[in-house]
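What's counted below: heavy atoms across the whole structure, side chains too, no hydrogens, waters or symmetry copies. Note on naming: letters A, B, ... go to the chains in the order of the sequence lines (proteins, then strands), and numbering restarts at 1 for each one.
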Amino acid sequence: MLDIRAIRNNPEILKEAIEKRNSKFDVEGFLKLDEKRRELLVVVEQMKGKQNADSKLIPQYKKEGKDVSALMNEMKELSDKIKEIDSQVKDIDNEIESELLTIPNIPNAAVPVGMSDADNLEIRKWGEPRKFDFEPKPHWDIGEDLDIIDPTTAAKVTGTRFTFYKGLGARLERALVNFMLDLHTTKHGYTEVFPPFMVHRNSMQGTGQLPKFEEDAFKVANTEYFLIPTAEVPVTNMYREQILDVKNLPIKHAAYSACFRAEAGAAGRDTRGLIRQHQFNKVELVKFTLPEDSYNELEKLTNDAEEVLQLLGLPYRVVRLCTGDLGFSSATTYDLEVWMPSYNRYVEISSCSNFESFQARRAGIRFRRGLNEKPEFVHTLNGSGVAIGRTTACILETYQQPDGTVVIPEILRKYMNDLDVIK
RNA sequence: GGAGAGAUGGUCGAGUUGGUUUAAGGCACCGGUCUUGAAAACCGGCGUAGGUGUGAGCCUACCGUGAGUUCGAAUCUCACUCUCUCCGCCA
């Protein structure tokens, strides 16, 4: 959510941001509404002032034995008028609030202007995609041949875009979770949390999934709960409606969770394999920082995620998302894209974003610089560190051998009983 | 799921025959006086949000959330949420 005063004082910035994002919003109409609200407020607050003052006279007059019926009548009339204007103000407030919730964040000035992912800017590359001297298989064939990934049974039990991991496949998935959590908690200084996998509506609104993108989420029937699309939601909302102690900043959390996404609108895309599932595993990194530190912390967070891929020996590149590809809540996003042999291109495996105060304002996450200072909004950041299912897919493809077996990356072996090959 | 108790500013806590409570008071915290320094004591300050004004300031709202009664609600009514205690069920 943006600061309404900032919009009022500088509407051009918002108009420009909306256009760059290739989005739509009636800024002028919004400002008119805001103006109308303030006009009404001036009137009604003055009336309330009179009401407060006059109502003090009533007990006084009564004590003096005066007749108060005329005054009472007068005040009844005033009260009715106040109620009427109050309800108008309330309607406008609700409208302003719901419009504010649909305005996307303002991209940082360094974000390249563009229409789609084709306009994203490559920042750096790490590693060389492997050259195969045999015909490499996609991970879904490797998984089926080794009997470690089984979407067919999942389709029978649940439906499409779900999978069973079996045997060493399940073990590999679990090894990756442990490896990533260990790396981030011991070497990078994040505190581990294990969050609820369902949250209520306000939390979804706090991080920006609602109200605009409800069709992307799974809602649990007969409850007001949503399955989390990412651990970002529960972990960021841990501190909602709270004033944080500046001494504790930055707060850094690493969280494993299953993630649930309806993937509405993705029909026909990535239908095979682990790339696009309704349920997948992810280790997420979340930070709460001082406003002046957030961009520096974004670099560090991105590096923390990159190290996962480096240690696993998976070639990747870092791109800076352009305005047209940037997520609704984000001011700046780096995507990590890992080389996926079956796709013959880089595929997103992590998304590291600085939301600045956008989520903090929605969720009411603040800090105070000093005891008598005004509370300010923190900056929130998060990034995948990294998506597990896509990592599994990439390992199977990258480390496959001509005989159909898969070499386990060195760093994972201690998480897999020192096994070196899946066969 | 059943029964009961509760929810007031950073924290503790008063206020519930509706009207000088204008949310008292304590603690914590901040500034000052005193002191070699500190403590104590004393004096002053100290919630959030919105509006308005060049400005000191002024006004309005907020006592878990949302409706309602009333000229007037922290206080009365209704619904809901959450917390605690006990019982039941359960991994």
Side-chain angles (χ1 to χ4, degrees), chain A residues 1-9 30-101 194-206 210-211 219-220 222-226 234 237-249 251 258 288 357 360-378:
Chain A
M1 193 156 68
L2 301 175
D3 182 358
I4 191 165
R5 276 169 300 192
I7 298 174
R8 197 184 292 154
N9 296 336
F30 180 76
L31 288 175
K32 273 190 192 133
L33 205 59
D34 174 52
E35 207 174 312
K36 176 80 181 159
R37 171 178 176 271
R38 281 179 296 148
E39 273 172 28
L40 288 174
L41 271 186
V42 170
V43 173
V44 79
E45 285 185 358
Q46 198 183 344
M47 291 168 101
K48 283 181 182 173
K50 181 174 165 55
Q51 184 181 47
N52 286 339
D54 285 0
S55 72
K56 290 199 178 99
L57 296 175
I58 290 178
Q60 193 183 318
Y61 283 8
K62 279 184 177 169
K63 212 173 277 178
E64 295 168 7
K66 290 186 188 169
D67 177 30
V68 293
S69 59
L71 183 58
M72 293 267 267
N73 286 338
E74 204 178 294
M75 290 194 62
K76 170 71 179 160
E77 217 168 289
L78 182 64
S79 170
D80 288 343
K81 278 186 200 155
I82 288 173
K83 273 176 191 150
E84 193 190 319
I85 301 177
D86 256 351
S87 85
Q88 285 178 42
V89 170
K90 189 158 191 194
D91 288 347
I92 293 178
D93 272 346
N94 288 339
E95 201 174 335
I96 286 177
E97 173 77 7
S98 64
E99 288 205 21
L100 267 179
L101 287 171
F194 196 118
F197 289 4
M198 298 183 204
V199 294
H200 58 50
R201 186 171 283 276
N202 282 345
S203 291
M204 291 287 275
Q205 190 170 290
L210 294 182
K219 184 157 181 233
V220 180
N222 303 323
T223 74
E224 279 302 308
Y225 299 146
F226 292 85
N237 279 285
M238 282 171 75
Y239 302 99
R240 72 184 349 271
E241 312 293 333
Q242 211 171 312
I243 296 176
L244 302 172
D245 192 331
V246 72
K247 291 196 296 286
N248 297 330
L249 298 178
I251 294 172
F288 304 80
S357 59
R361 183 171 287 107
R362 285 176 162 239
I365 309 170
R366 298 181 291 176
F367 74 101
R368 228 190 275 271
R369 290 184 192 273
L371 274 160
N372 295 319
E373 304 279 338
K374 285 267 170 203
E376 298 173 50
F377 291 110
V378 298

Using atom [atom1] of each nucleotide, how far apart are [N] and [M] to the nearest Å?
{"N": "B:U17", "M": "B:C76", "atom1": "P", "value": "8 Å"}
{"N": "B:C78", "M": "B:G4", "atom1": "P", "value": "14 Å"}
{"N": "B:G68", "M": "B:G18", "atom1": "C1'", "value": "15 Å"}
{"N": "B:G10", "M": "B:G50", "atom1": "P", "value": "16 Å"}

Is any side-chain nitrogen or oxygen of [X] closer than 4.0 Å to OP1 or OP2 of [N]?
{"X": "A:Arg368", "N": "B:C46", "answer": "no"}
{"X": "A:Ser79", "N": "B:G72", "answer": "yes"}
{"X": "A:Asn52", "N": "B:C59", "answer": "no"}
{"X": "A:Arg37", "N": "B:G50", "answer": "no"}
{"X": "A:Arg38", "N": "B:G50", "answer": "no"}

Report the base-pairing partner of [N] (Watson-Crick or G-U wobble, both distances below 3.5 angstrom), or none.
{"N": "B:U60", "answer": "B:A49"}
{"N": "B:U36", "answer": "none"}
{"N": "B:G66", "answer": "B:C78"}
{"N": "B:A23", "answer": "none"}
{"N": "B:G31", "answer": "B:C43"}
{"N": "B:U17", "answer": "none"}
{"N": "B:U83", "answer": "B:A5"}

Problem - Check: B:G72 base within 3.5 Å donor-acceptor of A:Lys56 side chain - result: no
Spacing of [X] atom [atom1] relative to [N] atom [atom2], expressed in whole Å:
{"X": "A:Lys81", "N": "B:C71", "atom1": "NZ", "atom2": "C1'", "value": "14 Å"}
{"X": "A:Leu244", "N": "B:G10", "atom1": "CG", "atom2": "C1'", "value": "14 Å"}
{"X": "A:Asp86", "N": "B:C62", "atom1": "CG", "atom2": "C1'", "value": "13 Å"}
{"X": "A:Asn73", "N": "B:C71", "atom1": "CG", "atom2": "P", "value": "9 Å"}
{"X": "A:Gln46", "N": "B:G51", "atom1": "CD", "atom2": "P", "value": "17 Å"}
{"X": "A:Leu71", "N": "B:G19", "atom1": "CG", "atom2": "C1'", "value": "13 Å"}
{"X": "A:Glu241", "N": "B:A49", "atom1": "CD", "atom2": "P", "value": "12 Å"}
{"X": "A:Asp80", "N": "B:U70", "atom1": "CG", "atom2": "C1'", "value": "11 Å"}

Look at all strands and tell whether [X] reaches a base, only sugar-phosphate, or nothing, counting heavy atoms closer than 4.0 Å.
{"X": "A:Arg361", "value": "nothing"}
{"X": "A:Gln51", "value": "sugar-phosphate"}
{"X": "A:Ile58", "value": "base"}

Fill in the blank from the handout: Assign each of A:Val44 and A:Arg366 the nucleotide of RNA chain B bearing its closest heavy atom; nearer the 5' end lies the nucleotide of A:Arg366
Completion exercise
Between A:Gly49 and A:Glu45, whichever has its closest RNA chain B nucleotide further toward 5' is A:Glu45
Practice task
For atom CZ of A:Phe197, decide whether the heavy atoms of other residues, nucleotides or ligands shown that lie under 6.0 angstrom number more than 12.
Solution key: yes
Practice task
Check for a donor-acceptor pair, side chain of A:Ser79 on one end and backbone N or O of A:Met75 on the other, with a separation under 3.5 Å.
Solution key: no
Practice task
Measure from the side-chain heavy atoms of A:Lys48 and tell me the nearest of B:G19, B:G51, B:U60.
Solution key: B:U60
Exercise for the section: Can you see which heavy atom on A:Arg362 is nearest to which on A:Gly206, and at what distance? Expected result: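 A:Arg362 and A:Gly206 have their closest heavy atoms at CB-O, 3.4 Å.
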Handout entry: Carboxylate-amine/guanidinium proximity below 4.0 Å for A:Arg369 and A:Glu376
Key = yes
